[in-house]
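Accompanying notes for the structure given below.
Convention: sequence-line order gives letters A, B, ...; per-chain numbering from 1. Please read all numbers here as calculations on a predicted model, not as lab measurements.
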Amino acid sequence: MTHIPTMTKFSPRRRELLLGAAAGAAALAVAPGVLTGTAQAADVADAASYPAKAFAQTTETAALKMMYGAAPTHSADVKMGAPDIAENGAVVPVTVDSSLPNVTAVALLAIDNPFTMAAAYKIPAGTNPGISSRLKLAKTTKVVAVAQSGGKLYSTSKPVKVTLGGCG
Amino acid sequence: MRKTLIAVSAMMVLVPFLAQAGGPSKAVAAKAISNAAARIKIAEGMNDQWLATLAAFKAAKAAEAKGDFALAQSKAMTAETLANLSIQQATVQKKLWVNEVVK
Amino acid sequence: MKSIIMALMGASLALFGPLASARAAAPINPQADLKAFQGYFLKRFPNVPLAAYVNGPYNFSKSEADQWKQIMEFPPYQFALDTGKSLFNAKFPNGKDYASCFPNGGIGIAQNYPMFDAKTGRVVTLGIAVNRCRVANGLKKLKLTTGPMADILAYMTSTSDGKKINVVVPNNPKALAAYQAGKEYFYSRRGQLNFSCASCHVQEAGMHLRGNVLAPALGMTASFPLYRSKWGNMGTLVRRFIGCNKKVHSAPAKPDSAAYRDLAYFLTYMDNGLPVSGPGARP
Amino acid sequence: MAHQILIHASTAGGVTTVEALVKHPMDSGFVKDKAGKIIPAHYIEVIEFTHAGKVVLTGYWGPAVSKNPFIKFSFKGGKSGDPIGVSWVDNKGEKANVSSNIM
């Protein structure tokens, strides 16, 4: 039992809904003529670009090979933040970051999940490789963070313990 | 705690065995079910119904509907027994709860 | 054969509780109870200041607290809060709205609930008050456990953020009886596992149970309604009561039952003086 | 189903930080509903963020990303009032697209 003496009531930042709810694809159909080709197209996530095969792999090696065509080497310059014990496997905050130069991609893999690849990001020039997100972990597993720099893959890993939910 | 559970599960095994000995009729099963229902109502009024009681009662009703009166009777007897246990628990707690109040 | 069953029943009964005789019933004194209740926790966990109890289990695990703070950067109840706000502000078919049913238009009043209603002689939770408002305006009641009700309560509660919980037990025999019934419910062991609410949330408070920390009863009501990762959506205090009952193999009461109203009355009264901090997020 | 996306973008020291919460079930395809039926997989596959029309992040997600996904990242440049766009497409072909401005 660890008390946190300094913690008093923690007030989360409350935010108003900053932007509207686009009701699905239909909401995209703004005034005809506004949708002028490429500029707008860049705003639409492209389903065809999804690396479905990489996400269907069940081992780290296969997933990374399919995604990047390479195997990673361990590097202390890839940083990952993940809890030792997840409060709930359904929502595990995981951050990845890297001090390597010219990072072009980062990815997170959960080794013992049904499918290994959890999330992968393309990092354009000017975007920092630090990304926070929340993952589902099916059970206690090693989580691997990968960064691609200069065409090479670097990784670090950490075990995250996932226990059952508590009293209810 | 654990002993309570063992005792209860021992009953779950015993009761059906006892019940089937006579080869009960439809009326006997119905009687067992109404006996159980009466005790369940009392337990509910005391805010202490066990999930296992309701599960056994539901099984009794299902068996009765299927015409399996032996099973219906045994499940109903289980339900009645469990309801009685929860009634006794609630009765005891009516007196004992004050011992748990923080001072 | 029947005697065997009776013997088994007797044997198990003996285990239901300490055989020590009960103390004589004390007069009903909510204020004295409140002082003892809060004092008990403050003495037991001297490092946790009173207001921090609204953080529930997170006072007892740094790792869980860290994850929680990360999650609270963009809290998962945000969608519910936004939905609740628009539901709350929407006009009823008759042109009236929720605001018309509440003092101060329903804004900043959550800290006063549950409330004793002298007219009906019953305890009214904020959820039940919302449903009364709906019925008075010709609408159906909402489910008290989750969904739109939880969203509306999330919004109403958010407008009381930081206000001190201020539940009143008036000097009215029915109000005192309701309070006392809630107290008795809280401390009575029930269910096949023979647990009381207090077994987990007083006696074992702050301890780990299968990976999670058992939240102390003090402060518990302050963060409801809340988003539970386990549920994957919002739930009200009543939903939590139902979950706890089932956990000890006890059949839950009805969401609008006297049992749950009275329990909420007692439990929220014990949180008097703590800041409202709902909606909340828990594992 | 309304597809909601909450975005918060702010700039400090020449770096813009973007946080987004996306309403989506992110069903993994491994979970059963109350009736014991598998809930089919339904998850966002591609999410893209733009700043003034230029892509600043492309995310590829599998079913292991949590329900109502949260993401936080930052990029160099950006000033108050600049448009930030988010769009996603899921494995069922549903899409959403919203835009906001840097605070």
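Here the side chains of C:Pro114 and C:Val167 are in contact, with some heavy-atom distance below 4.5 Å.
Taking the ring centre of C:Tyr185 as origin, the terminal cationic atom of C:Arg190 falls inside the region bounded by 6.0 Å and 45° from the ring axis.
Interface remark: C:Ser188 contributes backbone and side-chain atoms alike to the contact with chain B (heavy atom separation under 4.5 Å). With a 4.5 angstrom heavy-atom cutoff, C:Lys35 does not touch chain B via any of its atoms. Residue C:Tyr40 touches chain B through its side chain alone, counting heavy-atom pairs closer than 4.5 Å.
Using a 4.0 Å cut-off between a side-chain N of Lys or Arg and a carboxylate O of Asp or Glu, C:Arg122 and C:Asp256 do not qualify as a salt bridge. Using a cutoff of 4.0 Å between basic side-chain nitrogens and carboxylate oxygens, C:Arg189 and B:Glu100 are scored as salt-bridged.
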